[in-house]
Protein chains: 2
Amino acid sequence: MILSENLSIYLQIAERICDEILDNVYPPGERIPSIREYAAMVEVNANTVVRSYEWLQRLEIIYNKRGLGYFVAPDGKHRIREMRREQFFRDELPKFFSRLYTLDIDVSEIEKQYAEYLKKKSGVLELNPPTDTIV
Amino acid sequence: MILSENLSIYLQIAERICDEILDNVYPPGERIPSIREYAAMVEVNANTVVRSYEWLQRLEIIYNKRGLGYFVAPDGKHRIREMRREQFFRDELPKFFSRLYTLDIDVSEIEKQYAEYLKKKSGVLELNPPTDTIV
DNA sequence: TTATGTGTATTAGTTTAATAGTACACCGCA
DNA sequence: TGCGGTGTACTATTAAACTAATACACATAA
């Protein structure tokens, strides 16, 4: 049985950190929380966060300065976006199309609901503008 | 840390069986392979398939006849479709929209690619028509 | 220099899904 | 009746991820 890799905790944490980097919670070049800090934040063992950071370092999204901590790579945001874009078209979109087909859902319905989604989003954005447009 | 439930093997098998039921590999009212048979097919321990079948029985997609085996419920296909439809609009679509937004992908691009998807699909279907339209 | 906070490394323990193997009761059929 | 195929139940084991705790070298600042 070929089983789909289930997302382990350390990868879920890595995903979360990527989200935060995209949201400019941790801007490019700046330091992210220490392993122990982040472990406390997400209520997880430090060793688990170690794996998350090692993983993100391998992807060159963050890098390490000995004795100081981990920092967001200058092009970290770009790397994340490119990786996710690739993943989206390769993995997620085919699954999505398959769902549309077997459930017999019309694309116009999706289009319509996405318009509503954008509308709500813009409403929220007026109150909470993205931090990198404020700077 | 609130972790997303990763799909365990027995649930992946249940999903696979649902796919097969939708594809009329196991038509409504008919028998599905025995636990030991299916375990051998997917190369997995029998206990794992036991859990899959128990799960699908709880969802009233299959039912049991003592000493005989498991059978597809008369409205099994309908149940699967309804469940997946609900799951799609509740879980998958919001995630999909979020991806579209953060990756700045236009819906027209999706629409275009889906048209191609349907085109390929129809090509395949001419060679492999769905079994329930043959009957 | 010393103290404190970094990451790193190591060892041991816990948890849970999946595996392995066995035994048993029910059903249909010969 | 008995045989072979069902599901069911149970115990024990394995494997992998996560947890727990500790020790240590490096960097900064008091």
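Every chain is numbered from 1 and lettered A, B, ... according to where its sequence line falls, protein lines coming before strand lines. All values below were derived from every heavy atom in this structure, side-chain atoms included, with hydrogens, water molecules and symmetry-related copies excluded.
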| task | Assert yes or no for the condition that the ring centre distance of A:Y63 to A:Y53 is strictly below 6.0 Å. | result | no
Taking OP1 and OP2 of D:dT6, is either one under 4.0 Å from a side-chain nitrogen or oxygen of B:Y53? no
Less than 3.5 Å between a donor and an acceptor, one on the side chain of B:R36 and one on the base of D:dG7, is that the case here? yes
Using a cut-off of less than 4.0 Å, is there contact between a side-chain N or O of A:Y70 and OP1 or OP2 of C:dG5? no
B:L11 CG to C:dA18 P, in whole Å, measures 8 Å
Charged N to carboxylate O below 4.0 Å: is that the case for A:K112 and A:E116? no
Checklist entry - Is the shortest side-chain N/O distance from B:S34 to OP1 or OP2 of D:dG5 below 4.0 Å? => result no
Which of B:H78, B:M83, B:K77 passes side chain to side chain contact (heavy atoms under 4.5 Å, CB included) with B:I61? Answer is B:M83
Side-chain atoms of B:I35 come closest, of D:dC18, D:dT8, C:dT8, to D:dT8
Whichever of A:N45 and A:R66 has the more 5' nearest nucleotide on DNA chain D, that residue is A:N45
Closest of C:dA18, D:dC18, D:dG7 to the A:Y10 side chain is D:dC18
side-chain N/O A:R31 vs C:dT6 OP1/OP2, d < 4.0 Å | yes
- Considering just the side-chain nitrogens and oxygens of A:S8, establish if one lies under 4.0 Å of OP1 or OP2 belonging to D:dA16. no
From the candidates C:dT19, D:dA27, C:dT8, the one with an atom nearest any side-chain atom of A:L68 is D:dA27
Using a 4.0 Å heavy-atom cut-off, does B:N47 contact any base of the nucleic acid, only the sugar-phosphate backbone, or nothing at all? base
| query | Base, sugar-phosphate, or nothing: which does A:E37 touch, judged by heavy atoms less than 4.0 Å apart? | reply | sugar-phosphate
Here the distance between atom P of C:dT6 and atom CD1 of A:I62, to the nearest Å, is 15 Å
field: Carboxylate-amine/guanidinium contact A:E92 A:R85, below 4.0 Å
entry: no
